[in-house]
Trainee: 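My questions all concern the structure below.
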There are 2 protein chains.
Amino acid sequence: MNIGQAAKASGVSAKMIRYYESIGLIPAAGRTASGYRVYGQTEVQILRFIRRARDLGFSVEKIEELLALWRDRSRHSADVKHIATTQIAELQDRIAGMQAMVDTLRHLADACCGDDRPDCPILADLEQGTGVTKH
Amino acid sequence: MNIGQAAKASGVSAKMIRYYESIGLIPAAGRTASGYRVYGQTEVQILRFIRRARDLGFSVEKIEELLALWRDRSRHSADVKHIATTQIAELQDRIAGMQAMVDTLRHLADACCGDDRPDCPILADLEQGTGVTKH
DNA sequence: GATAGGCCTTCCCATCATGGGAAGGTCAAG
DNA sequence: CTTGACCTTCCCATGATGGGAAGGCCTATC
């Protein structure tokens, strides 16, 4: 299988497959005599694993750990769970930060009449930069 | 006022002030004879505006629009409100995406006993890459 | 007036994961 | 043998930010 076919089969772009190889996330693929990378089902499965982990928001660094645990048949599921719960916590932190932005923006937008007059509490808030949101 | 003082007064780092100038988000600051950038209250206020907008998650591109509206005394508040509501929608999209990740991860983590045995539904999910989450 | 150290300047590099594109080689079908 | 679709490597760009080097400036202290 060439890289393009592996890309289609795994959902990881050819560009990213080469990138993952270059940073050592995946082992260097085999090559044909003319230098084309060759992939089999095993490699595609690894790529799908990576793809799925990316979809769950894991960084490449975390994926490296997950792959190591995946390969380690004597792993402790506690280690995997720990990575997952850490990831959950990080995501929730970011969600909370963004939700706070949404709340503030919603508050300001609700206070803005949104017509052709120039008066705008949104700009007023940005202008004074106090961040007062008075929920 | 030198750039360091403007940085402290505005909450925007000196690095970022220079960057914002380089990309044209703010006009080039005045200079002393020896080349130091000089800032006054007006500039600090603009920087605070930018800082606050960044805190609300606006991209530099959006901030450019907001600054233009801010400077335009004949603006329509509807235009400002539109930018804000678009921003709210974008944030909510991203929140929804991350929340979906959290939900999936929570589901998987809950199913993982998290002890010293190797069996782990989290890895199993990544392995098959189906993304089946069965809520 | 000299010296120290704290500020300023520009310039380059790094992040993180991803894509774009150029220049050139390979392969398969017609 | 040509054509077009693929592959290779290499370089550049993203967005917003920080780090750091090399060198100049300013102020306070001696």
Side-chain angles (χ1 to χ4, degrees), chain A residues 1-26 28-40 43-44 46-67 87 90-91 94 97-98 101, chain B residues 1-26 28-40 43-44 46-67 87 90-91 94 97-98 101:
Chain A
M1 203 184 331
N2 282 341
I3 197 169
Q5 294 163 300
K8 260 177 212 156
S10 65
V12 178
S13 74
K15 277 274 187 190
M16 290 314 297
I17 296 176
R18 293 193 196 98
Y19 171 70
Y20 291 149
E21 182 181 317
S22 79
I23 62 172
L25 182 63
I26 55 178
R31 301 278 184 141
T32 65
S34 56
Y36 283 24
R37 286 175 181 80
V38 180
Y39 298 89
E43 287 76 26
V44 168
I46 293 172
L47 289 170
R48 269 203 284 251
F49 182 105
I50 293 170
R51 172 71 205 278
R52 175 85 179 123
R54 292 289 302 132
D55 286 348
L56 289 174
F58 286 102
S59 68
V60 164
E61 199 178 5
K62 290 285 185 64
I63 295 174
E64 216 158 353
E65 297 176 40
L66 288 169
L67 278 172
Q87 173 70 6
E90 281 173 18
L91 285 168
R94 288 200 275 149
M98 294 201 298
M101 295 178 192
Chain B
M1 203 180 339
N2 283 340
I3 198 170
Q5 294 162 300
K8 262 177 209 154
S10 65
V12 179
S13 74
K15 276 276 188 190
M16 290 316 296
I17 296 175
R18 294 194 195 97
Y19 171 69
Y20 291 149
E21 182 182 315
S22 80
I23 62 171
L25 181 63
I26 55 178
R31 300 280 183 138
T32 65
S34 56
Y36 282 24
R37 286 175 181 81
V38 180
Y39 299 89
E43 287 76 24
V44 168
I46 293 172
L47 289 169
R48 270 203 284 251
F49 182 105
I50 293 170
R51 172 69 206 281
R52 176 85 178 122
R54 290 291 301 131
D55 286 349
L56 289 175
F58 286 102
S59 68
V60 164
E61 200 176 3
K62 291 285 186 64
I63 294 175
E64 215 157 356
E65 296 176 40
L66 288 170
L67 279 172
Q87 173 71 6
E90 281 174 19
L91 285 169
R94 288 199 276 149
M98 295 202 297
M101 294 179 193

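Any value given below was found using the heavy atoms of this structure, including those in side chains, with hydrogens, waters and symmetry copies removed. First the proteins, then the strands, lettered A, B, ... as listed; each starts at 1.
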Trainee: With distance as the sole criterion, do the side chain of B:Tyr19 and the base of D:dG15 form a donor-acceptor contact below 3.5 Å?
Mentor: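 No such pair is found, so the answer is no.
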
Trainee: Where do B:Ile50 and B:Leu67 land on the side-chain contact (heavy atoms from CB on, under 4.5 Å) test, with the steps shown first?
Mentor: CA-CA 8 Å; B:Ile50 293 170; B:Leu67 279 172; 4.1 Å; yes

Trainee: Take atom CD of A:Glu21 and atom C1' of C:dT18, then tell me their distance rounded to the nearest Å.
Mentor: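 Those two atoms, CD and C1', are 17 Å apart.
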
Trainee: May I ask you to verify if any side-chain N or O of A:Ser13 is less than 4.0 angstrom from the OP1 or OP2 atom of C:dT18?
Mentor: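 False: A:Ser13 side-chain N/O out of range (4.0 Å or more) of C:dT18 OP1/OP2.
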
Trainee: Please tell me if A:Arg18 has a side-chain N or O lying less than 4.0 Å from either OP1 or OP2 of D:dC7.
Mentor: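 So the side-chain polar atoms of A:Arg18 never come under 4.0 Å of the phosphate oxygens OP1 or OP2 of D:dC7.
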
Trainee: Check whether any side-chain heavy atom of B:Gln87 lies under 4.5 Å from a side-chain heavy atom of B:Phe58, and answer yes or no.
Mentor: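 The answer is yes, as the side chains (C-beta and beyond) meet within the 4.5 Å cut-off.
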
Trainee: Does D:dG24 have its OP1 or OP2 closer than 4.0 Å to a side-chain nitrogen or oxygen of B:Tyr36?
Mentor: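 Result: no.
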
Trainee: Taking only side-chain nitrogens and oxygens of B:Arg31, does any of them come within less than 4.0 Å of OP1 or OP2 of C:dT10?
Mentor: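 Result: yes.
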
Trainee: Could you check whether A:Lys62 pairs with A:Glu90 (Lys NZ or Arg NE/NH1/NH2 to Asp/Glu carboxylate O, under 4.0 Å)?
Mentor: yes

Trainee: Return the value, rounded to whole Å, for the distance between atom NZ of B:Lys62 and atom C1' of D:dA16.
Mentor: 16 Å

Trainee: Looking across every strand, which nucleic acid part, if any, lies under 4.0 Å from B:Thr32 by heavy atom: base, sugar-phosphate, or nothing?
Mentor: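 Nothing: the residue B:Thr32, judged by heavy atoms under 4.0 Å, touches no strand.
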
Trainee: CG of A:Asn2 versus C1' of D:dT8: gap in Å, rounded?
Mentor: 11 Å

Trainee: Would you say D:dC7 has OP1 or OP2 under 4.0 Å from some side-chain N or O of A:Arg37?
Mentor: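 For A:Arg37, the contact criterion (side-chain N or O under 4.0 Å from OP1 or OP2 of D:dC7) is not met.
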
Trainee: Taking the side chain as every heavy atom from C-beta outward, state whether A:Tyr20 and A:Val60 have any atom pair closer than 4.5 Å.
Mentor: yes

Trainee: Regarding A:Phe58, tell me which of base, sugar-phosphate or nothing describes its non-hydrogen contacts under 4.0 Å with the strands shown.
Mentor: nothing

Trainee: Within the structure, does a side-chain N or O atom of B:Ser34 lie under 4.0 Å from either OP1 or OP2 of D:dC26?
Mentor: yes

